[in-house]
Amino acid sequence: MADRGGGFLNRDDFFSSGDGWAQRWVLDVSLIESLRFGPLADKTDLDVAVALTKLLYEDFVSYGTDGRDIRLDDEGVVLVIKAHGAVMRRLALEAPTWPFKTFNGPQGFGTYWRKNDMSGSWQARRDCVEGILGPTRDALEELQELEYESRFKQGPGGSFKNLIFAAVGPKPEIVLRDAVNNDVEIVRNAENCLVYSDPLPPHGLTWRQMVAWWRTHHQPDVDEKTAADTLYRRLYRSLDSLPEQLVLRTYCAAYAETDGFELPALIPQVYLHYDPYARKSGKQSGALYRQRMDFLLLAPDRSRIVIEVDGVQHYGRRNPPDAEGRVTYTAVPQLYSDMVAEDRRLCLAGYEIYRFGGWELTQPHGEGERILTAFFTDLLKRHRKPAP
């Protein structure tokens with residue numbers, strides 16, 4: 001195989017040179033097979049998917065016309081199609097649906113076009129290949145554009161791995177099961193929370209994708225509308241405070257509108273990190289202040305947006321009830337300082353943070369809902385999917 005140590009892949013990189021006559025190109029079968037089980041060490045899945053798409057596109061177009069520049073044989077086509085599908089799934093993109101599996105034979109492209117009245121037209125065969133691989137090529141080009149745009153945006157480092165969220169009851173206890181692969185496992189109270197570990201789509205995480213995940217793992221026998229209603233109720237149960245409940249209700253009302261299922265999902269009570277050491281005092285070195293975010297939104301422009309709703313407990317300590325049973329709070333500067341210090345850390349890591357005071361969301365005459373509706377309208381406009 002050609003040197004893969006830099007730059008983008010092309011279709012030649014999946015082959016070694018043959019004898020120049022009977023076998024001009026020799027497919028690197030071990031490389032292709034390895035792609036079904038994980039990414040290459042030195043190339044991204046996006047680069048690989050683009051190169052495999054080009055290889056399949058050009059070989060099938062060539063076979064359907066003059067047949068002069070085909071590099072794959074029937075066995076190689078089968079292997080490349082399987083590898084291509086695996087790479088596409090890792091990118092959370094839809095793999096092509098193939099009505100044929102090889103060039104020749106009963107399941108070949110030739111048999112397919114003869115059965116579908118394309119025998120007399122090279123253009124019809126090209127259009128057939130375009131119909132299969134064109135949407136894939138376009139989706140990959142769009143993802144490349146997003147990757148390019150991300151170079152100029154200081155977003156969060158690292159890649160999406162797990163969402164642990166919407167806990168009800170005792171909080172989950174988490175261990176690092178495999179430090180090499182960054183695999184976490186919930187060893188206690190796993191039944192109280194939800195875990196989303198599917199590949200993150202390139203344009204954030206929409207409500208429709210969340211509902212599809214819910215149906216797959218929790219309600220496979222119900223329709224989308226029923227699953228969406230059940231998921232919403234489950235998310236709502238994880239919220240204890242009235243202001244937080246208002247945030248979720250106000251945002252999720254948009255899901256009932258036209259194209260509402262394509263909006264980013266608003267995910268409540270997301271675990272940001274797990275600190276196994278109890279934070280008993282501010283003097284404890286290395287302890288992390290905020291374990292859980294009130295809400296997380298994974299936007300179409302790949303931003304990670306945190307929304308926090310601050311009650312008085314965020315900046316004050318509760319006093320014992322007075323003689324008439326009234327409860328007051330005393331401001332504690334350290335609580336406020338801890339909170340804003342964590343905000344700074346997250347912002348420097350590339351997250352975007354918005355805070356609401358619980359007081360403003362509990363004002364009468366629907367004032368809290370009005371504030372939230374205006375905020376979410378502006379937020380979604382700002383974080384629209386970038387134009388290709």
Side-chain angles (χ1 to χ4, degrees), residues 163-169 171 192-194 196 204-211 214 225-272 290-300 303-316 318 326-329 335-336 339-340 342-343 346 351-384:
L163 278 179
I164 301 173
F165 63 104
V168 292
K171 68 181 180 180
N192 296 333
C193 62
L194 301 177
Y196 186 103
L205 185 62
T206 67
W207 180 242
R208 187 179 302 281
Q209 289 155 340
M210 279 287 289
V211 172
W214 176 263
K225 185 176 183 303
T226 302
D229 182 68
T230 307
L231 174 58
Y232 168 76
R233 293 174 184 276
R234 172 62 183 80
L235 299 180
Y236 195 83
R237 283 176 51 211
S238 69
L239 302 174
D240 296 325
S241 77
L242 293 176
E244 289 178 354
Q245 292 170 356
L246 180 65
V247 171
L248 188 65
R249 284 201 313 271
T250 302
Y251 185 83
C252 290
Y255 294 151
E257 299 176 0
T258 303
D259 298 327
F261 270 41
E262 305 310 322
L263 292 175
L266 184 65
I267 310 164
Q269 303 298 297
V270 179
Y271 277 86
L272 176 64
R290 186 183 308 145
Q291 291 191 356
R292 191 166 65 180
M293 298 176 279
D294 289 342
F295 295 96
L296 177 66
L297 189 148
L298 302 172
S303 298
R304 298 181 190 175
I305 301 166
V306 178
I307 298 172
E308 295 284 350
V309 180
D310 298 334
V312 67
Q313 72 276 8
H314 287 78
Y315 49 84
R318 180 181 173 123
R326 291 175 298 193
V327 174
T328 59
Y329 287 78
L335 288 177
Y336 176 79
M339 181 176 69
V340 296
E342 179 69 2
D343 281 357
L346 283 178
Y351 286 81
E352 196 168 305
I353 302 175
Y354 296 93
R355 288 190 169 276
F356 290 90
W359 180 87
E360 66 177 323
L361 298 184
T362 54
Q363 296 307 294
H365 311 301
E367 180 64 12
E369 184 175 356
R370 185 195 65 77
I371 291 170
L372 288 167
T373 299
F375 165 74
F376 282 125
T377 298
D378 291 341
L379 183 72
L380 294 176
K381 285 181 181 178
R382 177 177 179 179
H383 291 282
R384 286 178 295 198

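As the structure is a prediction and not an experimental result, all values here were calculated from the model. Residue indices begin at 1 and follow the sequence shown.
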- Item | N/O donor-acceptor pair under 3.5 Å between T362 side chain and W359 backbone | yes

- Do the rings of Y251 and Y255 sit parallel, tilted or perpendicular, given the 30° and 60° boundaries? perpendicular

- Note on the structure: OG of S241 to CG of L361, rounded to nearest 0.5 Å, is 9.0 Å

- Item | side chain to side chain contact (heavy atoms under 4.5 Å, CB included) partner of M293, chosen from I305, V306, I267 | V306

- Message: Quick one, D229 with K225, criterion salt bridge (Lys or Arg N to Asp or Glu O under 4.0 Å). Give me CA distance, side-chain angles, the key distance, then yes/no.
- Response: CA-CA 6 Å; D229 182 68; K225 185 176 183 303; over 6 Å; no

- Query: Going through the checks in order, is the side-chain contact (heavy atoms from CB on, under 4.5 Å) test met by L194 and M210?
  - Reply: CA-CA 11 Å; L194 301 177; M210 279 287 289; over 6 Å; no

- Task: Look up atom CH2 in W207 and atom SG in C252, then write down how far apart they are to the nearest 0.5 Å.
- Result: 5.5 Å

- Assess whether side-chain contact (heavy atoms from CB on, under 4.5 Å) is satisfied between M339 and E308, documenting all intermediate values. CA-CA 11 Å; M339 181 176 69; E308 295 284 350; over 6 Å; no

- Query: Would V247 and L239 satisfy side-chain contact (heavy atoms from CB on, under 4.5 Å), going step by step from the backbone distance to the final call?
  - Reply: CA-CA 10 Å; V247 171; L239 302 174; over 6 Å; no

Scan the side chains in residues 367-374 for donor-acceptor partners under 3.5 Å anywhere in the protein, sequence neighbours excluded, and list what turns up.
residue	atom	partner	partner atom	Å
E367	OE1	R370	NE	3.2
E367	OE2	R370	NE	3.4
E367	OE2	R370	NH2	2.6
T373	OG1	E369	O	2.8

- Who are the salt bridge (Lys or Arg N to Asp or Glu O under 4.0 Å) partners of D294, not counting sequence neighbours? none

- Message: If I take atom CG from residue L231 and atom OG1 from residue T226, how far apart are they, to the nearest 0.5 angstrom?
- Response: 12.5 Å

- Query: Got a second to check how far Y232's OH is from R249's CZ, nearest 0.5 Å?
  - Reply: 6.5 Å

- In Å and rounded to the nearest 0.5 Å, what is the CZ to CD distance from F295 to Q269? 7.0 Å

- From S303 atom OG to H383 atom NE2, the distance as rounded to the nearest 0.5 Å: 4.5 Å

- Residue set satisfying ring pair (Phe, Tyr, Trp, His ring centres under 6.0 Å) with Y354, at least two apart, ordered chain then number -> F375

- Item | Whether E360 side chain and G357 backbone form a donor-acceptor pair below 3.5 Å | yes

- Are any non-hydrogen side-chain atoms of V309 and L246 less than 4.5 angstrom apart? no

